[in-house]
Amino acid sequence: MSQSHAPKSRITRRGVLKTSIATGALGTLPFKAMAADPIKVAGIYTLPVEQQWISRIHLAAVAAAEAGQIEYVYSENTSNTDYSRVMREYAESGVQLIIGEIFAVEQEAREVVLDYPDTAFLMGSSFLDDPDYPNLAVFDNYIQDAAYLSGIIAGAMTETANIGMVGGYPIPEVNRLMHAFMAGVHEIKPEATFQVSFIGSWFDPPKAKETAFAMIENGADLLYAERFGVSDAAQEKGLLAVGNVIDTQADYPETVVASAIWHFEPTLQAAIAAVADGSFTAANYGAYSFMKEGGCSLAPLGTFEGKVPQAALDLVAEETAAIKDGSFTVAINDEEPKSS
């Protein structure tokens with residue numbers, strides 16, 4: 001199934017993350033165990049599957065389908081006004097697990113969830129799991145661990161210690177990554193300053209590029225590319241950029257020095273297993289994006305192999321080990337970052 005509708009914008013707030021998955025306490029739903037047959041899964045996305053954030057969900061689902069775990073269909077470019085209708089269509093068709101993002105349609109989507117108690121919903125959301133919606137599990141891309149490590153690389157590569165940061169919206173899902181990146185930079189360059197700006201769009205490369213050019217004019221020699229368009233500005237000016245969610249170094253081989261990568265596979269696999277054994281229930285799957293769960297990583301250096309100072313690489317290795325063994329925790333700060 002494929003829908004063609006206008007993309008949405010989402011401006012949301014999130015409470016404190018439950019860092020452990022809530023299981024057992026709320027009971028389980030009467031899902032039939034699927035030991036052999038593939039689980040029927042549908043994805044509903046408000047932007048094209050090529051978009052950064054959505055692409056990671058889509059790729060994980062495609063991989064699970066190729067492995068024979070699921071049968072996967074999806075709708076992209078689904079507008080906010082059509083989202084609940086598409087949810088109902090998939091639920092009525094017998095889909096067992098619906099994945100997507102309901103940031104801008106929380107109330108409408110939750111009404112649908114209640115109408116289909118035998119369907120499991122795993123949705124990106126700015127709210128925590130709620131026992132009043134026992135078949136709705138929520139998630140988000142908590143990849144602050146990888147963002148922090150990318151900041152260490154950036155701190156080692158900037159010469160002016162003036163870094164430009166261009167984001168979509170100042171929402172928790174973006175803010176926490178920016179703060180983690182800034183903390184990583186300060187590990188190497190305590191004196192570093194940041195120019196922070198939000199373009200008010202999830203996809204407007206020209207505006208992101210224009211904003212980045214202004215930061216470069218104001219002395220930035222390295223850019224944090226939370227949105228598409230920023231790396232183009234860096235490339236044109238011969239500067240460096242750090243990516244987010246996906247690795248774009250192949251497109252910018254002399255520009256993108258590091259990227260924080262989100263891996264949705266652990267989140268999806270946990271949901272598939274829960275649906276298969278009949279234990280799916282309201283839970284916060286956010287912790288599956290943590291590095292220790294395999295939910296994020298620092299992209300390989302690739303074309304920048306041998307160009308990053310060894311002291312920074314040693315610190316990245318040390319901090320990576322500490323994050324994975326639990327001896328170090330990257331702070332989660334959802335407040336809007338400011339220029340400094």
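None of these values were measured; they are calculated from a predicted model. Throughout, numbering of the chain's residues begins at 1 and tracks the sequence.
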Undergrad: Which pairs of donor and acceptor atoms, one on a side chain in residues 190-198, lie under 3.5 Å apart (sequence neighbours left out)?
TA:
| unit_1 | atom_1 | unit_2 | atom_2 | d |
| --- | --- | --- | --- | --- |
| Gln195 | OE1 | Asn218 | ND2 | 3.2 |
| Gln195 | NE2 | Asn162 | OD1 | 2.9 |
| Gln195 | NE2 | Met215 | O | 3.1 |

Undergrad: Can you check whether Asn244 reaches Tyr224 side chain to side chain, under 4.5 Å on heavy atoms?
TA: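 Answer yes - side chains close enough.
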
Undergrad: So do His263 and Arg56 actually touch side chain to side chain, heavy atoms under 4.5 Å?
TA: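 Yes, side chains in contact.
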
Undergrad: Can you name the nearest heavy-atom pair linking Asp221 to Ala161, along with the distance?
TA: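 Minimum heavy-atom contact is OD1-N, 4.4 Å.
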
Undergrad: So, do Asp140 and Arg176 sit near enough that their side-chain heavy atoms are less than 4.5 Å apart?
TA: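 With C-beta onward as the side chain, the pair touches.
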
Undergrad: I need the Arg88 CZ to Asp82 CG distance, nearest 0.5 Å.
TA: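 Answer for the CZ-CG pair, Arg88 versus Asp82, is 13.0 Å.
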
Undergrad: Could you check if a side-chain atom of Ser75 sits within less than 4.5 angstrom of a side-chain atom of Tyr90, using non-hydrogen atoms only?
TA: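 Yes - at least one pair of side-chain heavy atoms lies under 4.5 Å apart.
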
Undergrad: Does a sphere of radius 6.0 Å around NZ in Lys307 hold more than 12 heavy atoms from other residues, nucleotides or ligands, not counting ones at 6.0 Å or beyond?
TA: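 More than 12 within 6.0 Å, yes.
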
Undergrad: Would you say the side-chain atoms of Asn333 pair up with the backbone N or O of Glu335, donor to acceptor, closer than 3.5 Å?
TA: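 Flag set: sc Asn333 to bb Glu335 pair under 3.5 Å.
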
Undergrad: Taking Ser126's backbone N and O only, do any of them form a donor-acceptor pair with Glu106's side chain (distance below 3.5 Å, no angle check)?
TA: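 Yes, Glu106 side chain to Ser126 backbone: donor-acceptor pair under 3.5 Å.
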
Undergrad: Looking at every non-hydrogen atom in both residues, tell me the closest pair between Leu222 and Met157 and how far apart they are.
TA: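 Smallest heavy-atom distance, with atoms named: CD1-CB, 4.1 Å.
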
Undergrad: Which distance, rounded to the nearest 0.5 Å, do you find between the CD1 of Ile272 and the CD of Gln69?
TA: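 So the gap between those two atoms works out to 5.0 Å.
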
Undergrad: Please list, one pair per line, the donor and acceptor atoms closer than 3.5 Å that link side chains of residues 298-305 to other protein atoms, with sequence neighbours excluded.
TA:
| unit_1 | atom_1 | unit_2 | atom_2 | d |
| --- | --- | --- | --- | --- |
| Thr303 | OG1 | Gln249 | OE1 | 3.4 |
| Thr303 | OG1 | Pro253 | O | 2.5 |

Undergrad: Count the heavy atoms of every other residue, nucleotide or ligand shown that sit under 6.0 Å from CD of Glu159, and state whether that count exceeds 12.
TA: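 Open: at most 12 neighbouring heavy atoms sit under 6.0 Å from CD of Glu159.
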
Undergrad: Evaluate the ring planes of Tyr45 and His58, with Trp represented by its six-membered ring, and classify them as parallel (under 30°), tilted (30 to 60°) or perpendicular (over 60°).
TA: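 Perpendicular: the ring planes of Tyr45 and His58 meet at over 60°.
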
Undergrad: At their closest point, which heavy atom of Val138 faces which heavy atom of Ser125, and how far apart are they?
TA: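 Between these two residues, the closest heavy atoms are CG1-CB, 3.6 Å.
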
Undergrad: Between Tyr148 and Glu187, do the side chains contain a donor N or O and an acceptor N or O under 3.5 Å apart?
TA: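 Yes, a side-chain donor-acceptor pair sits under 3.5 Å.
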
Undergrad: Distance check, rounded to the nearest 0.5 Å: Leu136 atom CG versus Thr281 atom OG1?
TA: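 Nearest 0.5 Å value for the CG-OG1 distance: 10.0 Å.
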
Undergrad: With distance as the sole criterion, is a donor-acceptor pair present between the side chains of Asn141 and Ser289 under 3.5 Å?
TA: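 On atom types as modelled, these side chains do not qualify, holding no pair under 3.5 Å.
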
Undergrad: Kindly indicate, with the supporting measurements, whether the criterion side-chain contact (heavy atoms from CB on, under 4.5 Å) is fulfilled by Met291 and Lys324.
TA: CA-CA 7 Å; Met291 182 170 285; Lys324 289 182 176 180; 4.1 Å; yes

Undergrad: Closer than 3.5 angstrom, by distance alone: can the side chain of Asn135 be matched with the main-chain N or O of Val113 as a donor-acceptor pair?
TA: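 At least one qualifying donor-acceptor pair exists.
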
Undergrad: Please tell me if the side chains of Asp130 and Arg110 come closer than 4.5 Å, counting only heavy atoms from C-beta onward.
TA: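 Counting from C-beta outward, Asp130 and Arg110 do come under 4.5 Å.
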
Undergrad: Is there a donor-acceptor contact under 3.5 Å linking the side chains of Gln51 and Glu76?
TA: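 The criterion, which ignores hydrogens and geometry beyond distance, is not satisfied for Glu76 and Gln51.
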
Undergrad: Taking it one step at a time, do Ile163 and Phe181 satisfy side-chain contact (heavy atoms from CB on, under 4.5 Å)?
TA: CA-CA 11 Å; Ile163 295 176; Phe181 171 82; 4.0 Å; yes

Undergrad: Quick one: does any side-chain atom of Ser259 pair with a main-chain N or O of Ile261 as donor and acceptor, under 3.5 Å?
TA: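 Judged by distance alone, no pair lies under 3.5 Å.
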
Undergrad: Do the ring planes of Tyr285 and Tyr288 sit parallel (below 30°), tilted (30 to 60°) or perpendicular (above 60°)?
TA: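 Judged by the thresholds at 30° and 60°, the geometry between Tyr285 and Tyr288 is tilted.
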
Undergrad: Please say yes or no: joined through hydrophobic side-chain contacts below 4.5 Å, possibly via intermediate residues, are Ile153 and Leu239 part of one cluster?
TA: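 No; Leu239 is not reachable from Ile153 via cluster members.
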
Undergrad: Counting N and O atoms only, with roles assigned by atom type, does the side chain of Arg227 sit under 3.5 Å from a partner on the main chain of Trp202, one being a donor and the other an acceptor?
TA: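 Checked: pair present.
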
Undergrad: Just checking Glu210: does its CD atom have more than 12 heavy atoms from other residues, nucleotides or ligands closer to it than 6.0 angstrom?
TA: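 Not buried by this count: 12 neighbours or fewer within 6.0 Å.
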
Undergrad: Can you name the closest pair of heavy atoms from Ala212 and Leu223 and give their distance?
TA: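 Shortest heavy-atom separation between Ala212 and Leu223 comes out as CB-CD1, 3.8 Å.
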
Undergrad: Is it the case that the side chain of Thr158 and the backbone of Gly155 share a donor-acceptor pair, with hydrogens and angles ignored and the cut-off at 3.5 Å?
TA: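 Absent.
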
Undergrad: Run Leu59 and Phe264 through side-chain contact (heavy atoms from CB on, under 4.5 Å) and show every step you take.
TA: CA-CA 8 Å; Leu59 289 175; Phe264 189 68; over 6 Å; no

Undergrad: Once rounded to the nearest 0.5 Å, what's the spacing between atom CD1 of Ile44 and atom CD1 of Ile57?
TA: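 CD1 of Ile57 is found 11.5 Å from CD1 of Ile44.
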
Undergrad: Flag yes if more than 12 heavy atoms outside Lys40 fall under 6.0 Å of its NZ atom; otherwise flag no.
TA: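 Atom NZ in Lys40 is not packed in, count stays at 12 or less.
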
Undergrad: Does any non-hydrogen side-chain atom of Glu111 lie less than 4.5 Å from one of Leu114?
TA: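 A side-chain contact under 4.5 Å is absent here.
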
Undergrad: For a 4.5 angstrom cut-off between non-hydrogen side-chain atoms, does Ser55 reach Ile246?
TA: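 A side-chain contact exists here, since the closest heavy-atom pair is under 4.5 Å.
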
Undergrad: Looking only at heavy atoms, which two atoms of Leu149 and Glu319 are closest? And how far apart?
TA: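 Here Leu149 and Glu319 meet closest at CD2-CB, 3.9 Å.
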
Undergrad: At their closest point, which heavy atom of Phe139 faces which heavy atom of Gly124, and how far apart are they?
TA: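 Nearest heavy atoms, Phe139 then Gly124: CE2-N, 3.0 Å.
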
Undergrad: Step by step, would you call Phe121 with Tyr116 a ring pair (Phe, Tyr, Trp, His ring centres under 6.0 Å)?
TA: CA-CA 10 Å; Phe121 294 85; Tyr116 298 93; 7.3 Å; no

Undergrad: What I'd like to find out is whether the side chain of Pro337 reaches to under 4.5 Å of the side chain of Met182, using heavy atoms alone.
TA: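 Yes, their side chains come closer than 4.5 Å.
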
Undergrad: Once you round to the nearest 0.5 Å, how far does OG1 of Thr160 lie from NZ of Lys189?
TA: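 So the gap between those two atoms works out to 8.5 Å.
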
Undergrad: If two hydrophobic side chains count as joined below 4.5 Å and joins carry through other members, does Leu177 share a cluster with Val230?
TA: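 No, Leu177 does not connect to Val230 through the hydrophobic network.
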
Undergrad: Can you tell me how far OG of Ser84 sits from CG of Asp115, rounded to the nearest 0.5 angstrom?
TA: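 Interatomic distance, Asp115 CG to Ser84 OG, rounded to 0.5 Å: 10.0 Å.
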
Undergrad: Classify the angle between the aromatic ring planes of Trp53 and Trp262 as parallel (below 30°), tilted (30 to 60°) or perpendicular (above 60°).
TA: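 If you compare the ring of Trp53 with that of Trp262, the planes turn out tilted.
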
Undergrad: Do Phe203 and Tyr252 belong together in a cluster built from hydrophobic side chains that touch within less than 4.5 Å?
TA: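 No; Tyr252 is not reachable from Phe203 via cluster members.
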
